[in-house]
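All residue numbers in this chain count up from 1 along the given sequence. The figures that follow rest on heavy atoms only: side chains count, while hydrogens, waters and symmetry mates do not.
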Amino acid sequence: QVQLVESGGGLVQAGGSLILSCAASGRTFSMYVMGWFRQAPGKERDFVAAIAWNGDSTYYADSVKGRFTISRDNAKNTVYLQLNSLKPEDTAVYYCAATRRWTIRYDDYNYWGQGTQVTVSS
């Protein structure tokens with residue numbers, strides 16, 4: 001069982017930056033692939049980024065590639081998402097999630113945080 005708690009969301013102007021954190025409980029954090037997803041009002045939850053168990057592989061949605069960076073610190077049981085060059089269309093609730101397999105499929109992630117709101121003003 002893994003419990004995830006996100007933090008770091010907020011209101012930022014277009015072009016600005018934020019860093020999101022996701023703290024995980026338990027001693028098996030390094031056994032999980034970690035992902036970030038986001039959901040805008042009235043839309044489906046979309047994949048944003050994923051990072052492999054030891055951090056040596058990452059994968060990004062095309063819409064955020066070159067602007068967002070996912071990283072993890074297994075010693076701190078934490079995964080991060082650095083958001084740069086933010087656009088109004090990045091406005092959404094951002095969720096971190098955990099899975100035992102390398103995947104970007106929403107349905108394959110077993111554990112989810114409660115989400116943190118990111119709002120980008122134009």
Side-chain angles (χ1 to χ4, degrees):
Q1 193 79 4
V2 177
Q3 292 184 323
L4 304 172
V5 179
E6 302 97 335
S7 61
L11 173 64
V12 64
Q13 288 188 331
S17 297
L18 281 175
I19 183 164
L20 307 182
S21 300
C22 174
S25 65
R27 295 176 291 176
T28 60
F29 179 71
S30 62
M31 297 175 66
Y32 290 89
V33 169
M34 299 300 297
W36 285 94
F37 291 76
R38 65 186 181 185
Q39 188 167 19
K43 296 188 177 182
E44 295 183 349
R45 193 170 297 189
D46 292 330
F47 168 79
V48 174
I51 188 165
W53 306 263
N54 59 0
D56 62 349
S57 293
T58 58
Y59 190 80
Y60 297 91
D62 287 343
S63 59
V64 307
K65 201 173 295 183
R67 300 189 298 121
F68 292 6
T69 302
I70 189 171
S71 61
R72 68 189 296 163
D73 185 338
N74 285 349
K76 295 183 178 179
N77 281 13
T78 302
V79 62
Y80 305 95
L81 187 67
Q82 175 74 47
L83 293 70
N84 295 329
S85 302
L86 281 161
K87 305 174 182 180
E89 51 264 43
D90 294 318
T91 295
V93 177
Y94 283 71
Y95 299 88
C96 72
T99 179
R100 295 292 296 269
R101 57 185 297 187
W102 180 246
T103 178
I104 65 171
R105 285 170 46 88
Y106 166 87
D107 290 345
D108 291 335
Y109 282 77
N110 309 106
Y111 304 101
W112 292 83
Q114 82 289 350
T116 185
Q117 177 71 47
V118 172
T119 303
V120 184
S121 63
S122 57

Q. S21: what forms a side-chain contact (heavy atoms from CB on, under 4.5 Å) with it, not counting sequence neighbours?
A. S7, T78, Y80
Q. Does a side-chain heavy-atom distance below 4.5 Å link Q82 with S71?
A. no
Q. Mind checking what makes side-chain contact (heavy atoms from CB on, under 4.5 Å) contact with W102, not counting sequence neighbours?
A. V33, A50, A52, W53, S57, Y59
Q: Compute the centroid of each ring, for F37 and then for F47, and state whether the two points are separated by less than 6.0 Å.
A: yes
Q. So which pairs with a foot in residues 42-61 pass salt bridge (charged side-chain N to carboxylate O under 4.0 Å, His left out), sequence neighbours left out?
A. none
Q | Residue pairs passing the disulfide bond (SG atoms under 2.5 Å apart) test where at least one lies in residues 36-122, sequence neighbours excluded | A | C22-C96
Q: List the steps and the verdict of side chain to side chain donor-acceptor pair (under 3.5 Å) for N84 and S17.
A: CA-CA 4 Å; N84 295 329; S17 297; 2.9 Å; yes
Q) For R100, what residues pass the side-chain hydrogen bond (donor to acceptor under 3.5 Å, both in side chains) criterion, not counting sequence neighbours? A) none
Q | Atom pair OG1/CD of T119 and Q13 - distance to nearest 0.5 Å | A | 13.0 Å
Q | Set of side-chain hydrogen bond (donor to acceptor under 3.5 Å, both in side chains) partners for S85, sequence neighbours left out | A | none
Q: Could you walk me through whether Y106 and W112 pass side chain to side chain contact (heavy atoms under 4.5 Å, CB included), step by step?
A: CA-CA 10 Å; Y106 166 87; W112 292 83; 3.4 Å; yes
(Q) Per the salt bridge (charged side-chain N to carboxylate O under 4.0 Å, His left out) rule, what does the pair list look like for residues 29-40, sequence neighbours excluded? (A) R38-D90
Q | Over all atoms of both residues, closest heavy-atom pair of S122 and A14 | A | CA-CB, 4.4 Å
Q) salt bridge (charged side-chain N to carboxylate O under 4.0 Å, His left out) with D107: which residues, sequence neighbours excluded? A) none
Q. Can you list every pair that meets salt bridge (charged side-chain N to carboxylate O under 4.0 Å, His left out) and has a residue in residues 5-19, with sequence neighbours left out?
A. none
**Q.** Distance (rounded to the nearest 0.5 Å) between S30 OG and N54 CG
**A.** 9.0 Å
**Q.** Which residues share a side-chain hydrogen bond (donor to acceptor under 3.5 Å, both in side chains) with N110, sequence neighbours left out
**A.** none
Q. Do T103 and Y109 come close enough that some side-chain heavy atom pair is under 4.5 Å?
A. yes
(Q) If hydrophobic residues (ILVMFWY) are linked whenever their side-chain heavy atoms come closer than 4.5 Å, directly or via other members, who joins L86 in its cluster? (A) V2, L4, V12, L18, L20, F29, M31, Y32, M34, W36, V48, I51, Y60, V64, F68, I70, V79, L81, L83, Y94, Y111, V118, V120
Q: Could I get the full list of side-chain hydrogen bond (donor to acceptor under 3.5 Å, both in side chains) partners for N74, not counting sequence neighbours?
A: R72
Q. Can you tell me if T91 and E89 form a side-chain donor-acceptor pair at under 3.5 Å?
A. no
